[in-house]
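One structure below.
Each chain gets a letter, A, B and so on, in the order the sequences are listed, and its residues count up from 1.
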Amino acid sequence: MGIQGFLPLLKSIMVPIHIKDLKGCSVAVDTYSWLHKGALSCSTELCKGMPTTRHIEYCMHRVNLLRHFGVKPILVFDGGLLPMKSEQENKRARARKDNLARAVEHESDGNSAAAYECYQKAVDISPQIACELIQVLKQENLQYIVAPYEADAQMTFLAISGQVDAVITEDSDLIPFGCPRIIFKMDKFGQGVQFQDSMLQKNKELSFEGFNRQMLLEMCILSGCDYLQSLSGMGLKRAHASIKKFRSYDKVLKHLRYSGVSVPPFYEESFKKAILTFQYQRVYDPINENIVHLSNISDDIGDELDFLGPTMPKDIAQRIAKGDLDPITKMPFEVLLLLKQKGNSELLGCHLLLLMKQRTLLHIDSENWGSVPPPNIHIGYSSATNNSEFTESPCHEKKSPEHTVLRKPRQPIHKPCLGLHGHTNVQDTAEGKTREEATRKVTVRSAYFQHKQVEKNVYGEKQDCLSSGIAIDERKNALSE
DNA sequence: ATACCTTCGTCCC
DNA sequence: CGAAGGTAT
């Protein structure tokens, strides 16, 4: 839910800014919001698993806008599900499902306008969609990171650790996370408004005089956030007034109870967890190539942190960050694509065997890793790939062989890989799985904007199945051993 | 005055 | 998701 109505109350310290003012800077980009906006124009196609690249083009347009003005973007993607948000996620998934059902119904009634509207509300920015964009980013030598959990925490980490100068997002949650410099509402011309931490003292609508970071955070949680519903009647204004008066949440809760407000016992417990989730969420540090906490964790907090989600082996974290593994299922995207394309259980059985085999080879089971909801099948093939995508500066054109391979689909093995399927599993979504969008093609092409005119050719040449083509090759070899 | 609920636009042509 | 407007307290 973000922080309800926070941004309007910070108007006095929000300053207009244009991307060109950030020339020479690097910025972290909340890719979700761009993908989501871009997906609106082609939501019907996306929901049905039909081929489209409009959402990718939308993102690349903005990425190129940044590059045009000399700003170096690092695209950040959402990763795994945070236990604290699971009920919200379920709610949203259900809403999407309902809208999809409604859209299908409207469509069969011939009401295409209503259907379109529902499709827009049914689009899900799945890891597979992110993966499609990542294929393009790889080709363009653009930096990106898939967060182990939330992109918000990941972007804040990059900002605080000085790896980026600012963050571009639409989500006010970055403020309680403690992100020092945020650009909201960036439009297609590069115009937006800037929030700076250091300006808070000068805010007019709400006075933050005497507030420290902790108080700001507690105020935000008190008013209701993704991790904890607010007490009824508690919004931003009351939360602000309460924290201003009592300076800490426990005193506020004590006062509320004293005044006869019933504060459920779990509320206080959840509040602590919410604070810790904002402060110590797991993020990926591209410099050390490993999972760390958003801020350094002191030993006296060290007790149960399971609500931050399971930790993971270093190599898994690296593969997730690179976009090789689905951050939720921990399955390689290539394998997922293949399974969806073939959609036949005999192959699936073979691959599960393969997965198990590789899994044991990598000794990555056991430990904290065994208790996650989805079956934790994580494999790694071609173990030592280059992890350098995001730690290095621009010049590594020559050293990514797989990228060049991607452009040459030597194997015309499976042309029936786009179109034609996907319609069958519209009802499949009842299972609430990560289903049909995997059947969509992954369009990979280089020089995204300079060569826009060759778009039709690209489509015609069926370059769409290349990455899965590679996957199939590798599978074949591995299986025939 | 405040909080909460609903609706609408986001995209593109 | 945020913005905006209506409404209940």
Around atom CZ of A:R213, are there more than 12 heavy atoms from other residues, nucleotides or ligands closer than 6.0 Å?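 Result for CZ/A:R213: open.
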
Got a sec: does the CZ of A:R67 have more than 12 other heavy atoms crowding it under 6.0 Å?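 Yes, because the 6.0 Å sphere around CZ of A:R67 holds more than 12 heavy atoms from other groups.
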
Stepwise salt bridge (charged side-chain N to carboxylate O under 4.0 Å, His left out) test for A:E107 and A:K48: CA-CA 12 Å; A:E107 201 161 50; A:K48 294 182 180 180; 3.0 Å; yes

Atom [atom1] of [X] and atom [atom2] of [N]: how far apart are they, to the nearest Å?
X: A:E117; N: B:dT10; atom1: CD; atom2: C1'; answer: 13 Å
X: A:L35; N: C:dC1; atom1: CG; atom2: P; answer: 16 Å
X: A:D187; N: B:dG9; atom1: CG; atom2: C1'; answer: 15 Å
X: A:D226; N: C:dC1; atom1: CG; atom2: P; answer: 6 Å
X: A:E150; N: C:dC1; atom1: CD; atom2: C1'; answer: 14 Å
X: A:Y32; N: C:dG2; atom1: OH; atom2: P; answer: 11 Å
X: A:K11; N: C:dA4; atom1: NZ; atom2: P; answer: 6 Å
X: A:K121; N: C:dC1; atom1: NZ; atom2: C1'; answer: 13 Å

Can you name the one residue among A:R257, A:K251, A:K273 that meets salt bridge (Lys or Arg N to Asp or Glu O under 4.0 Å) with A:E268?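 For A:E268, the salt bridge (Lys or Arg N to Asp or Glu O under 4.0 Å) test succeeds with only one of A:R257, A:K251, A:K273, which is A:R257.
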
Do any N or O atoms of the protein come closer than 3.5 Å to N or O atoms of nucleotides 11-13 of chain B, and which pairs are they?
residue	atom	partner	partner atom	Å
B:dC11	O4'	A:K37	O	3.2
B:dC11	O2	A:S41	N	3.3

Describe, in one word, how the ring planes of A:F184 and A:F195 are oriented to each other, choosing from parallel (under 30°), tilted (30 to 60°) and perpendicular (over 60°).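 Perpendicular.
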
Measure up the A:H255 and A:Y258 rings against each other and bin them: parallel (under 30°), tilted (30 to 60°), perpendicular (over 60°).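 Plane angle between 30° and 60°, so tilted.
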
For the rings on A:F208 and A:H240, is their centre-to-centre separation under 6.0 Å?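 Between A:H240 and A:F208, which both carry aromatic rings, the centre distance is below 6.0 Å.
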
Is the centre of the A:F69 ring less than 6.0 Å from the centre of the A:H18 ring?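 Aromatic pair counts; centres sit under 6.0 Å.
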
Might you point out which heavy atoms bring A:T169 and A:L174 nearest each other, and give the distance in Å?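 Reported closest heavy-atom pair: CG2-CD1, 4.0 Å.
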
Protein-nucleic acid N or O pairs under 3.5 Å, nucleotides 3-7 of chain B:
residue	atom	partner	partner atom	Å
B:dA3	OP1	A:G235	N	3.4
B:dA3	OP1	A:R238	N	2.8
B:dA3	OP2	A:K237	N	3.4
B:dC4	OP1	A:G233	N	2.6

